[in-house]
Amino acid sequence: MGAHATKRDAAIHDGLIAWYRRHARDLPWRRSRDPYAIWLSEVMLQQTRVETVIPYYERWLEAFPTVQALADASEDAVLKLWEGLGYYRRARNFHRAAQVVANERAGQLPETAEQWQTLPGVGRYTASAVASIAFDEAVPVVDGNVKRVLARLERIETPTDDRETVASMWQRAEAILLAGSVKEPGTPGAFNQAMMELGARICVPRRPSCLLCPVAASCRGRAAGVHETLPIKGPKRVVPHADWVSAWITRGGRVLVGQRPPGLLGGLWELPTTTVAPGETDADALARMVRADLAADVAEPSHGKAVGSDQTIATVDHVFTHLRVTIRVTPLALVGKPVAQRHVALKWVRRAEFDTLALPVAMRKLVRASLAKR
DNA sequence: AAGACGTGGCC
DNA sequence: TGGCCAAGTCT
């Protein structure tokens, strides 16, 4: 037991470890102690469900089995493998971090949490998770699961987004972690995963399985009968939406695509797309986009007809309207801006190459469904 | 230091 | 069905 550990903390620690050893799920990244593989899993798992991550994780390790292989890959290849996982900045940061490791650390991965956190896309949670799981460093983790577990276990009734509340949770997590035996190797990683596993399997958001909980006897929220009302969340925000129009524009057997700048869906490719301003028709928006973006090549947008001046330069074969975006965006920031200003690259690609590009899921589905009909 | 950043599954 | 939720990080 750590020097200042309470009996309760030790009981919580030991109860969790014993439960975890019996009930841990057999997940792909738990079969490995390769720090690169564990790091990969932690990045993919950010705000993303285990079941969603598994196939991506396995495909990724086949394509990029080592940090060097990832560092050598192109960003397009990286984003294609990430396509559909969301939060694409994770992929770009992970790729950049691999290049930092390859070029500035001679291929040597960090070991301590402090070193890990210097890499792009690695915050306090991921740094501590990798350092504890892959290197047995005695640092705690606090993620969404741990916040929920601790809020109930300690009956924390302040919002879990609150700064001081989060800070106190890191302290509590550390105290319980250190209440375990310091002699047993591998315990920090097992303990941290046990906390998260409990939150994922037992101490779930709705209808937690307290009868199966290894630390129910220590749970202050349950003792007070308030565990199901915890954790307290901050106010919810409105999710804005925007309507977009996109066009399938071809020329000489190739289709026009643009690559998005960093930010929303950064680095992904898409058909020429523009937001529809309030009061504007889809056709007007499309005309505005085509004029601005393709002024040199296309005179007027015309559905299904050749467009251009004296010779056919491009054809608007299909127009996708009402591509409704329900992610959190700031539509007004994009309204009226020509596509050329919103893309870091524009190019004409063959159909086969189009299929290899990383596209936003909504656009990939639209294109597939629409082209299948014709 | 709030807000941006994706997607799919659940009830 | 629409809102909520899921192993966070960056600015």
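Lettering of chains follows the sequences in order, A, B, ..., and the numbering in each one begins at 1.
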Notebook entry, point to check: Counting side-chain heavy atoms from CB outward, which of dC5(B), dT7(B), dA6(C) is closest to K233(A)?
Noted result: dA6(C)
Note to self: At 4.0 Å (heavy atoms only), tell me whether G84(A) reaches a base, stays on the sugar-phosphate, or touches nothing.
What the structure shows: sugar-phosphate
Next item on the list: Starting from the C-alpha separation in whole Å, work towards a yes-or-no answer on ring pair (Phe, Tyr, Trp, His ring centres under 6.0 Å) for F94(A) and W39(A).
Entry: CA-CA 9 Å; F94(A) 190 43; W39(A) 175 24; 4.6 Å; yes
Margin query: Whole angstroms only, please: what is the CG-C1' distance between L79(A) and dG6(B)?
Written below: 13 Å
Item checked: Length of the line joining W170(A):CH2 and dG8(C):P, which is rounded to integer Å -> 11 Å
Notebook entry, point to check: Can you tell me how far P of dT9(C) sits from CZ of R124(A), to the nearest Å?
Noted result: 11 Å
Notebook entry, point to check: With sugar-phosphate meaning primed atoms plus P, OP1 and OP2, does I38(A) contact a base, only sugar-phosphate, or nothing at under 4.0 Å between heavy atoms?
Noted result: nothing
Margin query: With nearest nucleotide decided by heavy atoms, which residue, L119(A) or R30(A), maps closer to the 5′ end of DNA chain C?
Written below: R30(A)
Next item on the list: With DNA chain B as reference, determine whether G86(A) or R206(A) sits nearer its 5' end, using the nearest nucleotide of each.
Entry: G86(A)
Check: On the ring face of W170(A), is R124(A) found with NZ or CZ under 6.0 Å from the centre and within 45° of the axis?
Finding: yes
Note to self: Closest approach to the side chain of T126(A), judged atom by atom: which nucleotide of dC5(C), dG8(B), dG8(C) is it?
What the structure shows: dG8(C)
Next item on the list: Classify the ring geometry between F354(A) and W248(A) as parallel (under 30°), tilted (30 to 60°) or perpendicular (over 60°).
Entry: perpendicular
Notebook entry, point to check: NA contact type, K365(A), heavy-atom cut-off 4.0 Å: base, sugar-phosphate, or nothing?
Noted result: sugar-phosphate
Next item on the list: Identify whether any heavy atom of R25(A) sits under 4.0 Å from a base atom; if not, whether one sits that close to sugar-phosphate; answer base, sugar-phosphate or nothing.
Entry: base
Checklist line | For atom CG of L45(A) and atom P of dT9(C), their distance in whole Å | finding: 12 Å
Notebook entry, point to check: Rounding to a whole Å, what distance do you find between Q47(A):CD and dC5(B):C1'?
Noted result: 10 Å
Notebook entry, point to check: Does a nitrogen or oxygen in the side chain of T48(A) sit under 4.0 Å from OP1 or OP2 of dT7(B)?
Noted result: no
Check: Just how far, in rounded Å, is P of dG6(B) from OH of Y87(A)?
Finding: 7 Å
Next item on the list: For N93(A) and for W29(A), locate the closest nucleotide of DNA chain C by heavy-atom distance; then report the residue assigned to the nucleotide nearer the 5' terminus.
Entry: W29(A)
Notebook entry, point to check: What is the nucleic acid contact for V122(A), judged by heavy atoms within less than 4.0 Å: base, sugar-phosphate only, or nothing?
Noted result: sugar-phosphate
Note to self: With hydrogens left out and only the distance checked, is there a donor-acceptor pair under 3.5 Å joining T52(A)'s side chain and the base of dG9(B)?
What the structure shows: no
Next item on the list: Select one nucleotide: of dT9(C), dC5(C), dG6(B), the one nearest the side-chain heavy atoms of Q46(A).
Entry: dT9(C)
Note to self: Can you classify the ring geometry of H13(A) versus F191(A) as parallel (below 30°), tilted (30 to 60°) or perpendicular (above 60°)?
What the structure shows: parallel
Item checked: hbond_proxy R89(A) side chain to dT9(C) base (donor-acceptor, 3.5 Å cutoff) -> yes
Margin query: Side chains of T158(A) and T165(A) only: does a donor on one sit below 3.5 Å from an acceptor on the other?
Written below: yes
Note to self: Can you identify which nucleotide, out of dC5(C), dG6(B), dG8(C), has its nearest atom closest to the D143(A) side chain?
What the structure shows: dG8(C)
Next item on the list: Walk me through it: do E157(A) and R152(A) pass the test salt bridge (Lys or Arg N to Asp or Glu O under 4.0 Å)?
Entry: CA-CA 9 Å; E157(A) 297 180 285; R152(A) 291 170 175 170; over 6 Å; no
Note to self: When the P atoms of dG6(B) and dT11(C) are compared, how many Å lie between them, rounded to an integer?
What the structure shows: 14 Å
Check: Under 4.0 Å: is that the gap between some side-chain N or O of R148(A) and OP1 or OP2 of dA6(C)?
Finding: yes
Next item on the list: Can you tell me the distance, in whole Å, between the OH atom of Y56(A) and the P atom of dA6(C)?
Entry: 20 Å
Check: Can you tell me how far C1' of dT7(B) sits from OH of Y88(A), to the nearest Å?
Finding: 7 Å
